[in-house]
**Q** 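My questions all concern the structure below.
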Amino acid sequence: MSRERYAAVIGWGMAVPSRVITNDELAQRIDTSDEWIRTRTGIRERRVASPGESTSTFATAAGREALAMAGVDATTIDTVIVATCTPDRPFPATACTVQANLNIPRATAFDLAAACSGFVYGLTVATSLIKSGVSRRLLLIGADIFTHYINWDDRNTCVLFGDGAGAVVLEATDQPFGLIASNLSADGNLEDLMAVDAGGTRMPLTAELLAEGRQYVYMNGREIFKHAVREMSDSAMQVVQAAGLTIDDIALVIPHQANVRIIDAVARRLEIPPERVMINLDRYGNTSAASIPIALYEAAQQGRIGSGDYVLVTAFGGGLTWGSGVVRWGRPAQ
Ligand code: ACO
């Protein structure tokens with residue numbers, strides 16, 4: 001009789017740029033203040049990539065650390081997935097660059113684009129590949145340099161985002177570890193609530209479009225706020241139930257780090273106390289697909305999650321996309 005396969009998280013890593021931009025620094029350039037940014041978003045500072053640093057720079061560093069922590073040789077990785085909406089180049093996939101940088105020979109390598117929900121989407125895809133037997137040991141990275149699309153004169157967006165990468169190594173096991181339940185959704189009818197219009201095939205870049213600033217991200221913050229609270233909390237509640245658990249079984253919620261007010265509202269709806277909700281956006285801002293794996297990394301390093309704990313991840317992003325997952329953290333005893 002074949003035994004059920006799971007995908008345990010056996011290693012994790014993160015990497016962020018060294019350049020820090022504080023709220024006060026932004027306030028010197030645009031009409032904003034540390035007080036406004038902190039009270040409206042919870043963000044105090046963010047990390048911003050410097051010229052010469054690309055998405056693969058941080059994805060590679062995070063992946064290298066995750067492999068080292070897992071104690072596995074790069075040659076044993078059979079699949080590399082990079083969740084990103086800010087790839088190094090339109091093609092080839094940033095995952096191919098990371099694969100080459102880490103000397104992972106002949107692995108499957110591809111990017112996955114689901115904006116800020118990319119890591120939660122990636123976790124589901126990665127786990128499915130392992131469960132189906134296509135993959136045995138996989139490197140999943142969430143990485144974005146969102147500031148590449150930021151107009152630093154637009155106070156509505158430039159205060160919100162930061163750059164970075166987080167990675168996990170997943171490995172096949174017959175023990176119930178890793179992602180045990182998930183749900184993913186999207187509503188493309190709401191695609192214009194947040195987007196970058198120019199630079200793709202629909203609207204190739206021209207000098208005129210560049211002069212109009214159409215290469216930058218725009219968003220309807222208020223509308224996104226409302227959808228984010230509703231969809232994250234609904235999908236989180238559904239996934240906890242699908243895992244056969246209650247919210248009391250969850251050691252820590254790791255929400256996408258977009259805005260502390262969104263996170264607080266989701267926590268209230270889930271009826272989970274603040275001490276069981278991870279927040280690190282004060283130091284990183286919204287790092288898009290990197291936000292959940294960076295928060296997972298810090299939660300594990302701080303001892304807030306340990307082997308066998310149930311962790312609830314929940315995300316939303318451009319698309320709109322959203323989804324949640326319950327992860328049984330750590331690796332089974334050998
Ligand atoms: N400093 C000072 N004032 C500002 C700033 C700023 N940085 N930004 C906006 N304002 C002003 C606005 O112009 C507005 O002024 P007005 O009333 O004179 O027009 C006022 O502050 C209030 O604006 P609101 O939009 O009501 O502010 P709100 O409380 O909604 O906060 C925010 C805005 C922080 C953007 C919030 O709506 C939010 O976080 N939304 C979610 C956005 C998000 O998470 N997007 C990422 C999606 S994930 C992904 O896919 C990458």
Side-chain angles (χ1 to χ4, degrees), residues 21-46 55 83-87 112-122 142-166 184-188 190-197 216-233 235 254-266 279 281-282 284-295 313-324:
I21 296 191
T22 62
N23 292 346
D24 284 332
E25 212 176 323
L26 288 176
Q28 286 166 15
R29 183 190 170 107
I30 50 166
D31 181 15
T32 189
S33 65
D34 174 55
E35 209 262 333
W36 193 97
I37 302 169
R38 268 191 298 106
T39 53
R40 294 293 178 122
T41 72
I43 299 165
R44 292 171 184 275
E45 60 187 37
R46 69 285 295 141
T55 300
T84 186
C85 58
T86 57
L112 185 157
C116 299
S117 310
F119 186 79
V120 175
Y121 267 61
D144 270 309
I145 297 191
F146 219 85
T147 62
H148 180 73
Y149 292 105
I150 289 301
N151 175 357
W152 290 103
D153 293 324
D154 176 9
R155 69 179 186 172
N156 290 301
T157 52
C158 78
V159 303
L160 301 175
F161 296 97
D163 304 327
L184 306 176
S185 294
D187 186 351
L190 300 173
E191 63 176 358
D192 291 331
L193 284 185
M194 177 177 187
V196 173
D197 278 342
Y216 296 128
V217 66
Y218 63 84
M219 68 173 191
N220 180 335
R222 257 181 235 187
E223 275 303 303
I224 290 185
F225 196 107
K226 282 191 285 186
H227 286 285
V229 171
R230 189 173 61 236
E231 306 301 1
M232 285 168 85
S233 47
S235 81
I254 310 241
H256 170 49
Q257 306 284 309
N259 183 318
V260 77
R261 290 186 296 138
I262 294 175
I263 294 174
D264 287 346
V266 170
I279 294 178
L281 59 76
D282 50 321
Y284 301 117
N286 178 349
T287 56
S288 189
S291 99
I292 287 182
I294 288 176
V313 293
T314 181
F316 75 96
L320 294 183
T321 54
W322 63 92
S324 300

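Whatever order the structure lists them in is the order used to number ligands and atoms, beginning at 1. Nothing here was measured: the structure is a model prediction, and the numbers come from that model.
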**Q** Going by side-chain contact (heavy atoms from CB on, under 4.5 Å), Trp152 matches just one of Val159, Thr157, Leu26. Which one?
**A**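 Only one option passes, and that is Leu26.
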**Q** Should you measure from each heavy atom of Ala258, which atoms of ligand 1 turn up under 4.0 Å away?
**A**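 So the answer, numbered in order with elements, is 44 (O).
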**Q** Using 4.0 Å as the upper bound for N to carboxylate O, is an ion pair formed by Arg29 and Asp153?
**A** yes
**Q** Nearest protein heavy atom to atom 46 (C) of ligand 1, by residue and atom, and its distance?
**A** Asn286 ND2, 3.6 Å
**Q** Please verify the inter-ring angle class for Phe316 with His256; under 30° counts as parallel, over 60° as perpendicular, anything in between as tilted.
**A**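 Phe316 vs His256 ring planes: perpendicular.
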**Q** Under 4.0 Å, heavy atoms only, figure out whether ligand 1 is touched by the backbone of Cys116, its side chain, both or neither.
**A**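 For Cys116, backbone and side-chain atoms both sit under 4.0 Å from ligand 1.
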**Q** Below 4.0 Å, non-hydrogen atoms only: which portion of Val159 touches ligand 1? Side chain, backbone, both or neither.
**A** side chain
**Q** We want to know whether Asp144 and Thr84 form a side-chain donor-acceptor pair, criterion being a heavy-atom distance below 3.5 angstrom.
**A** yes
**Q** Considering both backbone and side-chain atoms of Arg222, is one of its nitrogen or oxygen atoms within less than 3.5 Å of a nitrogen or oxygen in ligand 1?
**A** yes
**Q** If we ignore angles and hydrogens, is there a donor and acceptor under 3.5 Å between the side chains of Tyr218 and Asp197?
**A**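 Side-chain D/A pair, Tyr218 to Asp197: present.
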**Q** Only heavy atoms count here, so choose which of Ser291, Ala289, Gly118, Gly221 is nearest to atom 40 (N) of ligand 1.
**A** Gly221
**Q** Nearest to atom 36 (C) of ligand 1 by heavy atom, Leu320, Asn259, Asp34: which?
**A** Asn259
**Q** Do me a favour and list the nearest non-hydrogen protein atom to atom 29 (O) of ligand 1 with residue, atom name and distance?
**A** Arg40 NH1, 2.6 Å
**Q** Report the nearest protein non-hydrogen atom to atom 47 (C) of ligand 1: residue, atom name, distance rounded to 0.1 Å.
**A** Met194 SD, 3.4 Å
**Q** If you measure every N or O of Arg261 against every N or O of ligand 1, does any of those distances drop under 3.5 Å?
**A** yes
**Q** What's the spacing between Asn286 CG and Thr41 OG1 if we round to 0.5 Å?
**A** 10.0 Å
**Q** Walk me through it: do Thr86 and Ser288 pass the test side chain to side chain contact (heavy atoms under 4.5 Å, CB included)?
**A** CA-CA 10 Å; Thr86 57; Ser288 189; over 6 Å; no
**Q** Which residue owns the protein heavy atom closest to atom 13 (O) of ligand 1, what's the atom, and how far is it?
**A** Arg155 NH2, 3.2 Å
**Q** Flag the pair Thr22 / Arg44 as yes when at least one side-chain heavy-atom distance between them is below 4.5 Å, and no otherwise.
**A** no
